[in-house]
Amino acid sequence: MTALPSTPMQRMNSSTTGSFNEVDDEHSPLVSGQSSPRTRLVWQMSQSNAYLIPDANDGNPARPRSSNRTLGTFAGVFCPVALSMFSTLLFLRAGFVVGQAGILEIMLQLVLAYFILMMTVLSICAISTNGAVEGGGAYYMISRALGPEFGGSIGFLFFVANILACGLYVTGFVEAVLDSFGPKGSMISDGGAYLPLDDKEWYKYLYSSVVLFFCLAICMIGGSMFAKTLIVIFMITVVCTLSVYISIFAKSERKLIQNPRIDMLDKRNESCANHTFYTGLSGTTFKDNFYEQYGRDYITHDKMDFATVFSILFSSVTGILNGANMSGELKDPSKAIPKGTLSAVTFTFGTYFILMVLVGASCDRCLLLNDYLFLQSINLWKPFILIGIFAATLSAALGNLIGASRILQALANDELFWFVLRPATKVTRGGNPYIAVLISWFLVQIVLLVGSLNAIAPAASVFFLLSYAAVNLACLALELASAPNFRPTFNIFTWHTCVLGMIGSMVMCFLVSAMYSSIAIIVMLLLVILLHFKSVPSEWGSISQALIFHQVRKYLLMLDPRKAHIKYWRPQILLMVAHPRQACELIHFINDIKKGGLFIVGHVKIGSLDKFDYDPVQTEYPQWMSLIDKLKVKAFAELTLANTVSEGLAHLIRLSGLGGMKPNTVCLGFYDDSKPVDSLVKCMRRKRRFFSSEEINSSNDVDMMFDNLPIRSERSHKHQSPSDYVKMIYDSLKLQKNVCICRHFNQLDKSIILKSTTEYYIDVWPLNLFRPYTASIFDDTCLFMLQLACILDMVPGWKSKTYLRVMLCTNNEGVAGKNVETKLDKVLKTFRIPAKIQPISLDLGESYKDLSEDEDHQMTLYKSIPEHIVQKINTRIKECSKKTAVTFMYLPRPPQDTTGQLEYLLSLTALTNDLPPTVLVHGLNPVISTTL
């Protein structure tokens, strides 16, 4: 017996012997439709077992092999996340936010900010442990959960966020350099300048470009060099942070701190100019700094408040996805991302908490408010702080530059934006996407032209926060969909945490900058629309389908057919189609009269399952669905296999639909010898969809697309006899379904009606024309005809170009006289049907006066009448139908005997010859209500 492998995998029982290693993704029946085109599966077979094992390399040259996944949890996730969350806040803004908000409020703000971050981290951990995570980090997770439209748009925003953040941290690095070594720099004792700064803006841009080029050099070497660099930078940052803690405990004497930039202080803060003291750890200082005292920023002179300080704090810690960005180079992303991210968030929170308490208890408020670099003055060795600033900002810039390149590479690999991003797929032998790195570097160079950290920060924060909101939305959708395959190994989350994280991120977006938030959301929506119209082919799966299934199932269970009421009746139609390419006009017409109801296109394939090695229905079903998509109708396709058409019809009537959504009306085409015409070509030559490359020029193109749906040949044998066809009508009525028989709809050209400047009519003949003297009786069939005609008249297009007309039939002696017209007018007003009554004289002569006493009770039945009478009625109808778009006529119940059935069909044929598109209707139940 073959030993089972120890790793989890999908198992299939097989009796086939032998083995083979590779399966063609595109042609294998085992893989097709079940996996991503970028997932290669190895098929190992033995005498009793077979397994599907994900291969290490998916065959895509743009992706690194598994041997290039060299980063562990600490180097690949913990260090990038921790350093990005330190960024500018740790050494440059910690004292400022404490001085403005006070110890109490800043602790509350810190807890609130990290609460929002933690909720998002929980969502990241859940998604990343639910399957194999490839390159692209957050983009990969969002796109595979929400689908290509939202995934592509959010991926683009996340790429922009990393570009902006890289420019932000490079600018912060240069500002720290200039504040230390520029004019009046904190490291210059004599007031001179080590760095030339004659033209401040351009020199600043030059220094920024040099720093960015250094980052580019590291990123071009690859992820391994980046990780090694970050480990060194992280250790330096930790040492510099510890130096602050040690200095505060070691230096306990009160000391006046001189501010070299005193001339930059706001006039309102000049009272603090000579009172910026370091007090050492002091209960009095802690008490003085405990509550808020919002003032003005001594650089920008802007008034600070809770929202502004919170924005500064929050925008400095938006780096929780930097570890996920390295997913393509992590040895085990599903383990590294949750462990590394949670550890980094916990570590940075503790660091900030301790630092802010120590700073608030040792420095008076004037010092905190008026000197960003005060930590240099209180440190045992001033360069420690400068080194810490350089390390934190440079590492954050490195993390965002390499993160942006990985996101760009993932977007390019997925081909969401056509050929535009194709160069970004190119990689070195080691798997480093050097073109994506160069593109990212170039875009950051453009961002550096802004030149101000404060100007870049709000935009970067907003784009990051939108990405966080999308991650929470993706996790929420997966949780709510309750899909069996959503089984993350990290389970410390619920839908409540997802909602809190999403709401928190969106609130912070608008709190940081309402303008940038609005712009980002508009850009995102435009990209969603663009990608939707592009019709991105994807086998990732879309969460929308899972959510729709979940909700539809729930509401179908709530839709109880026993509670149905006539007030809310609507047509739910099963349209039987033998040759769909010849029935496009009819399919469109039924789509117009369904009035938001169920519309099923049914088809019966003749045969027995015993004669096939497979299910022939399943091979045709995708083309029927494609046909419905091309026709742009809101319908379902239902196919069945049966020995006869009538047997298949019974299957579909009984089994199509679900729960309270079952068809109540059966529509059939007419049984005649009309010449088959391929109407699908005409329908598909309409204006093609925006961004679609599909173009239909001939019937050959349609034959290639729908090879399983050929048109009927004139010489082909019909699958049913006239008696069988009439029996289908009889069986449908027997199964308590309304019946509509449609004829001449190949003549219906709706576009002509809509473009016409003249008026057309929708005619209703509410009487059994085989019993014409029943014109004064309005049974359920008459009301059903009126309802369908009224629905058609309510459809946009038909409503503006057609008028509803009810034909009132009389004879020469006025049997249906003025009182019948008054009765009909009252019926129309009672049922709120805006129709015009048109009196018509059939003039049938003396041959058809003799009616039985129980005629009224026989109105629904067919009665044999002479052929010349039928032709005379047909001629009269044609005279009245010169401007008629559609005619609704009474369909009598067919006889049961075979001879009567053939005569019945011939009479219907004679009655409807050469008429406009005609619907013969038979209704069984009331469908119109007068109640509120």
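These numbers come from the heavy atoms of this one structure, side chains and all, not from hydrogens, waters or symmetry mates.
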Contacts of type side chain to side chain contact (heavy atoms under 4.5 Å, CB included), residue F249, not counting sequence neighbours: L281, L358

Surrounding CZ of F510 (heavy atoms of other residues, nucleotides or ligands, distance under 6.0 Å), is the total greater than 12? yes

d(F442 CZ, I163 CD1) to nearest 0.5 Å is 11.0 Å

Side chain to side chain contact (heavy atoms under 4.5 Å, CB included) for S153 and L157? Distances and angles first, verdict last. CA-CA 6 Å; S153 60; L157 295 185; 5.8 Å; no

To the nearest 0.5 Å, how far apart are CD1 in I218 and CD1 in I233? 6.5 Å

Compare every heavy atom of P433 with every heavy atom of A424, then report the nearest pair and how far apart it is. O-CB, 4.3 Å

Any side-chain donor near an acceptor of the partner, S243 and N379, under 3.5 Å: yes

Out of curiosity, E105 CD to L112 CG, how far, rounded to the nearest 0.5 Å? 11.5 Å

List the atom of C498, the atom of S123, and the distance in Å for their closest heavy-atom pair. SG-OG, 3.7 Å

When rounded to the nearest 0.5 angstrom, what distance separates CD in Q409 from CG in L421? 11.5 Å

Please check: side-chain N/O of S334 versus main-chain N/O of S128, any donor-acceptor pairing under 3.5 Å? yes

Measure the spacing between OH of Y207 and CG of L448 and express it to the nearest 0.5 Å. 15.0 Å

Kindly say whether V81 contributes a backbone atom to a donor-acceptor pair with the side chain of S84 at under 3.5 angstrom? no

Side chains of I378 and S247: does their closest heavy-atom pair fall under 4.5 Å? no

Is it the case that R406 and N432 place a side-chain donor and acceptor less than 3.5 Å from each other? yes

Ring pair (Phe, Tyr, Trp, His ring centres under 6.0 Å) against F490, all qualifying residues, sequence neighbours excluded: none

For atom CZ of F150, decide whether the heavy atoms of other residues, nucleotides or ligands shown that lie under 6.0 angstrom number more than 12. no

Can you give me the closest heavy-atom contact between D305 and T308, atom names plus distance? OD1-OG1, 2.6 Å

Identify the heavy atoms of L330 and G72 that sit nearest to each other, and give their distance. CD2-O, 3.9 Å

Between W381 and F384, what is the ring plane arrangement, given parallel below 30°, perpendicular above 60°, and tilted in between? perpendicular

Got a donor-acceptor contact below 3.5 angstrom from the S143 side chain to the Y140 backbone? yes

Using distance alone, with no hydrogens and no angle criterion, decide if T348 and Y114 have a side-chain donor and acceptor under 3.5 Å apart. yes

For F463 together with F159, are the ring centres under 6.0 Å from each other? no

Are any non-hydrogen side-chain atoms of L164 and L168 less than 4.5 angstrom apart? no

Would you please test T120 and N472 for side-chain hydrogen bond (donor to acceptor under 3.5 Å, both in side chains) and show each step? CA-CA 6 Å; T120 304; N472 283 293; 2.9 Å; yes

Could you tell me if the side chain of C475 sits less than 4.5 Å from the side chain of F493, heavy atoms only? yes

Side chains of L500 and F115, heavy atoms from C-beta outward: is any pair under 4.5 Å? yes

Hey, can you tell me if F234 and F74 have their rings parallel, tilted or perpendicular (30° and 60° cut-offs)? perpendicular

Does N162 reach the main-chain N or O of G403 with its side chain, forming a donor-acceptor pair under 3.5 Å? no

Aromatic rings F173 and F390: how do their planes relate, parallel, tilted or perpendicular, breaks at 30° and 60°? tilted

Taking the side chain as C-beta and beyond, is there a heavy-atom pair between C215 and L394 under 4.5 Å? yes

Begin with the C-alpha distance, continue with both residues' side-chain angles, and end with the deciding distance and a verdict on side chain to side chain contact (heavy atoms under 4.5 Å, CB included) for I402 and S405. CA-CA 5 Å; I402 200 167; S405 65; 4.1 Å; yes

Using the side chain to side chain contact (heavy atoms under 4.5 Å, CB included) rule, take Y468 and M508 through it: C-alpha gap first, then chi angles, then the decisive distance, then the call. CA-CA 11 Å; Y468 298 166; M508 276 307 307; over 6 Å; no

Going through the distances and angles, do Y139 and F158 end up as a ring pair (Phe, Tyr, Trp, His ring centres under 6.0 Å)? CA-CA 7 Å; Y139 157 70; F158 194 40; 9.2 Å; no

M506 pairs by side-chain contact (heavy atoms from CB on, under 4.5 Å) with which of L473, L466, L511? L466

side-chain contact (heavy atoms from CB on, under 4.5 Å) partner of V317, the single match among V345, L90, L117, L110: L117

For residues M85 and I320, determine if any side-chain heavy atom of one lies less than 4.5 Å from a side-chain heavy atom of the other. yes

Do NZ/NE/NH1/NH2 and the carboxylate oxygens of R144 and D414 come within less than 4.0 Å? yes

Minimum-distance pair of heavy atoms, taken over all atoms of S440 and L408: OG-CD2, 4.3 Å

With a 4.5 Å limit on heavy-atom distance, are the side chains of L216 and F213 in contact? yes

Is there a donor-acceptor pair under 3.5 Å between the side chain of N400 and the backbone N or O of A165? no

M118/L342 under side chain to side chain contact (heavy atoms under 4.5 Å, CB included): CA gap, chis, key distance, verdict: CA-CA 8 Å; M118 186 57 74; L342 284 171; 3.6 Å; yes

What closest approach, in Å, do L411 and G152 show between heavy atoms, and which atom pair accounts for it? CD2-O, 4.1 Å

Do the side chain of T497 and the main chain of M119 share a donor and acceptor less than 3.5 angstrom apart? no

Under the side chain to side chain contact (heavy atoms under 4.5 Å, CB included) test, which residues partner V499, sequence neighbours left out? L476, W495, I503

Can you find a side-chain donor-acceptor pair between Q445 and S209 that sits under 3.5 Å? yes

State, with a plain yes or no, whether a side-chain heavy atom of Q109 is found less than 4.5 Å away from one of F306. yes

